[in-house]
J.: 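Quick one: the structure is below, questions incoming.
Note that the coordinates shown come from a computational prediction; the quantities given were computed from them, not determined experimentally. The chains referred to below are lettered A, B, ... by the order of the sequence lines, with proteins before strands, and numbering in each begins at 1.
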Amino acid sequence: MTDIEKPTNFIQQVISADLDAGRVDSVVTRFPPEPNGYLHIGHAKSICLNFGLAQQFGGVCNLRFDDTNPEKEDDEYVQAIIEDVRWLGFDWAGEPKFASDYFGQLYSWAQHLIHEGKAYICELNAEQMREYRGTLTEVGKNSPYRERPVEESLELLEQMKVGAVDEGTMTLRAKIDMQSPNINMRDPVMYRIKKMAHHRTGDTWNIYPSYDFAHGQEDAIEGVTHSVCTLEFAANRPLYEWFTNNLPLPSTPHQYEFGRLNLNYTVTSKRKLKQLVDENHVDGWDDPRMPTISGLRRRGVTSAAVREFCDSLAVAKTDGIVDLAQFEHFIRDDLNETARRAMCVLNPLKITLSNYVKGKEELLSAAGHPNRDDLPARQLPFGREIYIDHSDFSEDTSLSRKKFKRLVIGDYVRLRGAYVIRADQVIRDSHDQIVEIIGSYVPDTVGENPPEGIRPRGVIHWVSATNSVDCDLYLYENLFTEAAPDAGEGSFIDHLNPQSLKIVKNCKAELGLGDAVVGQQYQFEREGYYCLDGKHSSAEKLVFNRTINLR
RNA sequence: UGGGGCGUCGCCAAGUGGUUAAGGCACCGGGUUUUGAUCCCGGCAUCGGAGGUUCGAAUCCUCCCGCCCCAGCCA
């Protein structure tokens, strides 16, 4: 890929040291999403990191669903996440794993802690628990149930489990330290009652383990050596270690935190993305304006571009905001290399070449890519009537050649892959609008320089007026007008860009685009990168999404 | 405010006492070009602040300033 050596990040350094010192034999990582929403670009960074680490060190990476809270979880998300991780190009060891597969084991570990006098059933309600917890500056105080006999807690936990206890009236808590300066250590909840069906375990359970009581143990069960998560979990690490140190686990995983990805002009929080979907500000989770993996895919962004972008990001403990331009750079970089070239006129203006034989049509051949001969050449029908874009014509003959490299009355321009032509006359309708240009072509200029004295101003794209396909183009802009949509007063919704979608109808595309397929990227020369939209396209109507414009 | 974490070019970031302080993005010049694209050349920081240690500090020490995270029976 790159001949410049990429510096190693702090996690790679830790792993190397662990390997060298013999603390671990082989590396095991995991990507642990909760199936309560769709994956987004921020997750992509974590996916590339975790799977990448495993690849680099010859280890494995698990895909594990952290489904400890049935409230917002659903199998729909499980399936979507599996599809997205695959699309990104990664594969996991064995079947996907689920926290819910370990509910039984977790339960007996909870009993173990009670036996050891390190956990107890607490009957404080949510509000009381908050009061007892203390604040950032004041220590908490012990729950009156803290010294409850072991047997009683054991029995109560069983009652909670079978559904004999009302929600919100009891919890299982770890007995740690209500005086701890780290609030997470003030007797955190291990189990809470939720009489709710789980998308995988059905109504087997009436209690569900909390993130803190589950995560490290899940890691230990799977033999995860390096449990990589984002910065906001740093304060949970002492708790993670408390559980791994106080339980008879099959292995001892360690947690490391890195800074999550933030992109300007973008929101990446499942809650906010869900709101955009639920309130119909976008066309679903896979709306091409969404920063979701499925949205990027539908937009035409390649998985290679996402991977390259993620690999370009530093894995560090700083929480910066990456410029969207950096992502766009990698999108263009990949697309420039891989996208097939084609021509499409967005705002058609007809040109009749008066010296071209009426009824004649020839087939010109154009390269599929300027510097790749492995992509098939295109056949472009050429005739007396063609379309160019309105913006590529001007009547203003005073425009300098340097400033306007397009068609001007009385001057020449090169039609890309075809002839050099000249504009001779403008035809207007009754409203004084330009409707057609009468021009002429210079014979023998296909692939050849024009005769002495004829200097085309530039090269413009075109399409046959009689032999082309119609299509609609969906042009996307940033979803938000503010670089930091969630900053400041008000809701991020207030900063939605009303111009984020512009639909251009009845564009004229070169004939071959009639065979465009979903998943194939194109560069409409001089316009941008486009791909067929799987949702809006049909046999009668071609719809292309603009992935991104050219620079 | 208690605890945890972080401050190097407009943005991301390498740097682990001796470097002319990498690189990418963005931006600005110039060249090539049948895409005003790509490509190619060139330009673009003294390291949050103040002291100190040292022959020598972005790197070590002290104090100060700023930003982020934690007070869900969310993850």
J.: Would you say the side chain of R332(A) and the base of U38(B) hold a donor-acceptor pair, judged only by whether the two atoms sit under 3.5 Å apart?
T.: no

J.: Where each residue is assigned the nucleotide of RNA chain B containing its nearest heavy atom, which of N336(A) and N182(A) is assigned the position nearer the 5′ end?
T.: N182(A)

J.: Which nucleotide, in any strand shown, forms a Watson-Crick or G-U wobble pair with G7(B), with both distances under 3.5 Å?
T.: C65(B)

J.: Please check: side-chain N/O of R406(A) versus main-chain N/O of I460(A), any donor-acceptor pairing under 3.5 Å?
T.: no

J.: Just checking L124(A): base, sugar-phosphate only, or nothing, at a heavy-atom cut-off of under 4.0 Å?
T.: base

J.: Hey, are R30(A) and E222(A) close enough for a salt bridge, meaning a charged N less than 4.0 Å from a carboxylate O?
T.: no

J.: Spell out yes or no: do the side chain of R526(A) and the base of U35(B) have one donor N/O and one acceptor N/O closer than 3.5 Å?
T.: no

J.: Closest nucleotide of RNA chain B for N36(A) versus for G447(A): which of these residues is on the 5' side?
T.: G447(A)

J.: Between Y107(A) and E158(A), does any side-chain donor sit less than 3.5 Å from a side-chain acceptor?
T.: yes

J.: Tell me what G168(A) touches on the nucleic acid: a base, only sugar-phosphate, or nothing, going by heavy atoms under 4.0 Å.
T.: base

J.: State whether R551(A) places a side-chain N or O below 4.0 Å from either non-bridging phosphate oxygen (OP1 or OP2) of C27(B).
T.: yes

J.: If you check the D323(A) side chain, which of G36(B), U1(B), C11(B) turns out closest?
T.: C11(B)

J.: For A13(B), take OP1 and OP2 only and decide whether either is under 4.0 Å from a side-chain N or O of T318(A).
T.: yes

J.: Select base, sugar-phosphate, or nothing to describe what K405(A) touches, counting heavy atoms under 4.0 Å on all strands.
T.: base

J.: Is the base of U35(B) touched by the side chain of E527(A) through a donor-acceptor pair closer than 3.5 angstrom?
T.: no

J.: What I want to check is whether the side chains of D389(A) and S391(A) have a donor and an acceptor closer together than 3.5 Å.
T.: yes

J.: I need the CD1-C1' distance between I460(A) and G36(B), as an integer number of Å.
T.: 13 Å

J.: For A21(B), which nucleotide is its Watson-Crick or G-U wobble mate, given both distances must be under 3.5 Å?
T.: none

J.: Closer than 4.0 angstrom, basic N to acidic O: yes or no for D75(A) and R200(A)?
T.: no

J.: Determine the contact category for Q13(A): base if any of its heavy atoms lies under 4.0 Å from a base atom, sugar-phosphate if only primed atoms, P, OP1 or OP2 are that close, otherwise nothing.
T.: base

